[in-house]
Amino acid sequence: MKIESDVHSKNMIKFAQENEDVLVLSADLGTSCEVKEFPKVFPEKYLSMGIAEQNMLSWAAGLAREGFRPFLHTFAVFLYRRPLDQLEMSIAYPNLPVSLLGFVPGITTPGGVTHQSIEDVGILRTIPNMTIFDCGDATDVESALEICKEVNGPIYVRMLRGQMPRLFSPDKPTEFNKGRVISEGDDVALFSSSICTEEAMRATQWLEKQGVSVQHVHITTLKPFTDPLVVESIQKVKHGVVTMENHVTIGGLGTAVGEVMLEHQLHKQLIKVGINDEWTHGASKPYLLKKYGLDAASLIKAVEKILDKDLGFKEEELEDIRLEDYDRV
């Protein structure tokens, strides 16, 4: 595993060079959302809209109607919580190609409840015409802009910033509505998204040493949720299914998987690992992952429940598991 930085900053400039219709809009968070270098290269393509998200979304709708492709940059909460009416009526209802790049999704920020988008997927999945894409590493981030172009409609991207892992090969870009198989197995199916995939990879390494075979799939497209790989993976395993997400367990990845299981009558146990029905608070990411049960240890405990078996797990054993030498898939 390699650590990357400024991934979106470089990618946004490259994408604008290749697409004349691109405009970048920022809600006074250009530095925090990795587009501070963009206006130095494309001053005519950059609009600083101030701390006025409702106005920014309305502008984006008008620009999209005039043939531009707006990419909105701010923290995730400010793209759906405050301007929900503009998002639904001005962008989603007319099905306009507006890309909402939401940074610091879930508990990736110490900013506390006002800055943590822990229920965004659940809200936005209910909006017609909306597409949702969730980044988990540098390759996902690099793939996001092309996916926005492919969708050619309203899309909400849970974007990562700063230093992030390179879990997946840059030679294999993330594909729209297609999961990425990380490990093959027939005991338990595991679906993970966002920053939880790195923790899930650590957990599956430990589980495999205990003889537990895990069908692990990294999910990026949360709406639509029609990838046949989901059904195939669930049918393949003997015991049950675990989902792991940087989101409340209501309305997100776990709910989407549960809906698929119900629709296809896949009668297996499902355990959803995520934030319980509660508000989170600000702290470091490692602390919050542990406190709210989004870490590798929490996943192992969920698998033990699925198997109805004590695997003799000791949390200190995870300290020896690193992903530096992991074969990127």
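All residue numbers refer to positions in the sequence shown, counting from 1.
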Report task. May I ask you to say whether Lys301 pairs ionically with Glu304, meaning some side-chain N is under 4.0 Å from a carboxylate O? Result -> no
Requested in this report: Measure up the His281 and Tyr287 rings against each other and bin them: parallel (under 30°), tilted (30 to 60°), perpendicular (over 60°).
Outcome: tilted
Report task. State plainly whether the residues Lys45 and Glu20 are in salt-bridge range, i.e. N to O under 4.0 Å. Result -> no
Report task. For the pair Asp187 and Lys238, find out whether any cationic side-chain nitrogen is under 4.0 Å from an anionic carboxylate oxygen. Result -> yes
Query raised in the report: Salt bridge check: are Lys236 and Glu184 linked by an N-O gap of less than 4.0 Å?
Result: yes
Requested in this report: Sort out for me which residue in Thr221, Thr220, Thr131, Thr226 forms a side-chain hydrogen bond (donor to acceptor under 3.5 Å, both in side chains) with Asn177.
Outcome: Thr226
Query - Cationic N near anionic O, under 4.0 Å, Arg166 to Glu142 - result: yes
Query raised in the report: Does the ring center of Phe38 lie less than 6.0 Å from the ring center of Phe42?
Result: yes
Report task. Would you mind listing the cluster partners of Tyr93? Hydrophobic ones only (ILVMFWY), side-chain contacts under 4.5 Å, chaining allowed. Result -> Met89
Requested in this report: Please tell me if the side chains of Ser192 and His216 come closer than 4.5 Å, counting only heavy atoms from C-beta onward.
Outcome: yes
Query - For Val121 against Ile132, the heavy-atom pair lying closest together - result: O-CD1, 4.0 Å
**Report entry** Side chain to side chain, Asp140 and His218, heavy atoms closer than 4.5 Å
**Finding:** yes
Query raised in the report: Charged N to carboxylate O below 4.0 Å: is that the case for Lys209 and Glu317?
Result: no
